[in-house]
Structure formats: structure tokens, C-alpha cells
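Throughout, a chain's letter reflects where its sequence line sits, starting with A, and its residues are numbered from 1. Keep in mind that this is a model prediction, so the values were computed, not measured.
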2 protein chains.
Amino acid sequence: MKDLTEVAQKFVLHWGEMGTRWGINRTVAQIHALLFITESPLDAEEICEVLGVARSNVSNSLKELQNWGIVKVVHLQGDRRDHFESMKDVYEMFRVILAERKRREIDPTVLTLKTCVSEADGDGMENYSKQRLKDLLDFFETTTNFYEQANRLPTKAAVKAIKMGDKFLKTFS
Amino acid sequence: MKDLTEVAQKFVLHWGEMGTRWGINRTVAQIHALLFITESPLDAEEICEVLGVARSNVSNSLKELQNWGIVKVVHLQGDRRDHFESMKDVYEMFRVILAERKRREIDPTVLTLKTCVSEADGDGMENYSKQRLKDLLDFFETTTNFYEQANRLPTKAAVKAIKMGDKFLKTFS
DNA sequence: CTCTTATTTCTGTTAATACTGAAATAAGAG
DNA sequence: CTCTTATTTCAGTATTAACAGAAATAAGAG
């Protein structure tokens, strides 16, 4: 595996940095970036070399990416090593990421809010505070309902919808 | 300032936890949660006591929340201490947060991608990789364009649009 | 101006997380 | 089954970010 070009390097580093800002491990994001721009699947050893991180770190990060569902193992003819490739369709990829974040973070938050709202009576909480929790719950329910629906569209339709929505909204302003 | 009720505590802790998952400091998120559910503006000392964190921590966290634009200082008659209150309209609040995250993270990413794409020729980068970067850039431009337009709608219209969009999409499925 | 009180800044500590390298395990070839 | 090679697990280390407490600064009252 030859070294990354300067541009590739720049992208991988930036993506890693972005990851950290969104609560994603730097190495995980870097590996994802690398796999995303690389045409052929890479094995773990190659990833180590290119990124200069420990084998175990790569192993764990790849697991994480597989948990996210945006990286898959593939096997190449006559090579017993695992090779890894990223999902390539950008829209699809972000849909998967979004769905996963919803599952991991939004759903539990909605659950917590529901519990809070239902326990709020008999807890001595101010009515004002109760109402704020209700507002918040309502916000999450409304937006996630919308998301659920929008997410049923196949990617192409979704992209079209976004572009049409954009144009449509422009006629207002 | 009296202690938080159990429910309030549960919410504040959860919100803090959520913060960390999205790259937001735990204390920052906790203070935000506290101010959000509290009707009257609080001073820094009160926040310290309720959350049990150091004064300096509160001070810095409040600065951060003010930078985000979701917490404001208010002054009360006959009290020289600063008091703080959170934006209360949930939709508006998330709009502000989203706008700020775009400004801080998405815009720089778009810039980086543009640079990468334009420098990709003469860098020896594979055509395949170049294309992936272009795809990614296209994705960000399409979605942020849409976002920009959607964000021009006043909150009420936006909420309506979300609810209508939800209903509309349901007719498909 | 001076005193008091609020706020911020700074420095050191702690805690959390990321990471490494070695050891253990697993998996495939022969 | 045995040997080799790939992968994972684990225990320790390092890095980073969060936080506390003290010191410095600022701001308001009188």
C-alpha cells in the first residue's frame, strides 16, 4: 500500500477532526474516510500502515464502523485476510448514520422524556418545568415522525425531494 | 435555591449525557438543561450549588452557552449579579443550535472539500477518489442549500411544514 | 476612592478516553 | 493435527479534555 497523496491526507485528517466534534472517535472517522475514498477493499494491516496507528486500534475501530453499518468485510480470492470497504453512496451512507444515531441517542432521549413527563406529577416539579419537558418531548416526536416518513423514501426519491423542496422554498423568498 | 426534584435531576443528567455523545461538554449541557426547565433566571452561584460543580466551571460553561446563542444574561432589579436564562422556544432553540453547528463544522468541511477537489488534479490522486470527494461535496452542498432555504421560514411555518410533510409522506406508504 | 462582591483567568489535578504492544485466541493451509 | 498467519482481547500507558480552587481582575455601592 503506497502512501496517501497530500489531498487524500488532508481529507482523512479533516474527517477525523470532524468526527471528534460529533462525538466520533478520531481513528474511527479516519479509517472511514480512508475506506470511503479508496476503490479497492483494504486489509487491516494496510490501514495500520497508511494511518500509522496500532493494529488493535484499527481492529476495534473497524468493529465500530461495522456496528454503525457503514463498513463491510469482504473476502478476496486467495487471501485469507479480511478486507474492508465503506459504503459508497453518500446519501445512503448518511441515512444509515442518521438512523443509527437516532436509535442510539434520540430514542433513549424520547424514552427518558416520556418517563420524566409521566413521573412529573407527584414529584413536586413546577408546572412550568413540566411544560418545558412536554414541549421538548413534542419537538422530538414531531421531528422524528417526519424523519421516519422521509426515511421511507428510496434514496433517489429523497434526493429529488430535497432538491424540489429547495426550489419550492426559494419561490417564497 | 432549593434542590432539584428527582425528575428534574433525571432530565438534567440525561441531557448532560446526551451532550457528550454529540461532542458537547457535559457541564455545558447540564447547565443548559437546568436553565431550560427553570422559569426564573439563575445566577452562577445558584447553578454551582444545584449541579455541584466549581464556580469556574459554571462561568466557562455559561460563556460557551452564550457563544452558542441559546443562553442570555439578564439583570434583575437591585441585584448586581448576572442572571442567566435559556431560550425557551424549543424549535427556535434547535434552529439556533443547528445554524451554529453548520457554521462551526459543516462550512469548514465544505471548504476543505472544495480545496481537496480543486487540488486533486496534479496531486496524483486516483480518479476514483476524486470522484468520491466530489460526491461528498455535492451531498453537503445539496443538503445545506435545502437547509438554508428551510431555515428562512419563520418557526411556525417551519413546524407546519414539518407536520404537513409528515402527513404528505404518509400518503405514499 | 475604597471596600465589597461578582466574575474571569490561570494553574494544577483528576478523570475519561484513546491508544499501544503483547498475549491469547481463532481460523485457514497443508 | 500442526503450523502459520490473522484477529481479538487485555492490561498498561499516554493523551486529552474536564474540572476544581486559588489568584487576579472587574464592577458596583457607598
Rounded to whole Å, please give me the gap between CZ in F84(B) and P in dT7(C). 6 Å
Look at the aromatic rings of F94(A) and F139(B) and report parallel, tilted or perpendicular, splitting at 30° and 60°. parallel
Within the structure, does a side-chain N or O atom of S59(A) lie under 4.0 Å from either OP1 or OP2 of dT8(D)? yes
Whole angstrom is fine here: how far is it from CD in E64(A) over to P in dT17(C)? 13 Å
Does R26(A) or D82(A) map to a spot on DNA chain D nearer the 5' end, using the closest nucleotide for each? D82(A)
Considering all heavy atoms, the nearest D89(B)-T155(B) contact: OD1-CG2, 4.2 Å
Considering every strand and a 4.0 Å limit on heavy-atom distances, what is the contact class for R81(A): base, sugar-phosphate, or nothing? sugar-phosphate
Separation of dT7(D) P from I47(A) CD1 (nearest whole Å): 10 Å
Grab the CZ-C1' distance between R55(A) and dT7(D) for me, whole Å please. 6 Å
Classify G52(B) by what it touches in the nucleic acid, base, sugar-phosphate, or nothing, heavy-atom distance under 4.0 Å. sugar-phosphate
With a non-hydrogen cut-off below 4.0 angstrom, is N60(A) in contact with a base, only sugar-phosphate, or nothing? base
Just call it for N25(B): base, sugar-phosphate, or nothing, with non-hydrogen atoms closer than 4.0 Å on any strand. sugar-phosphate
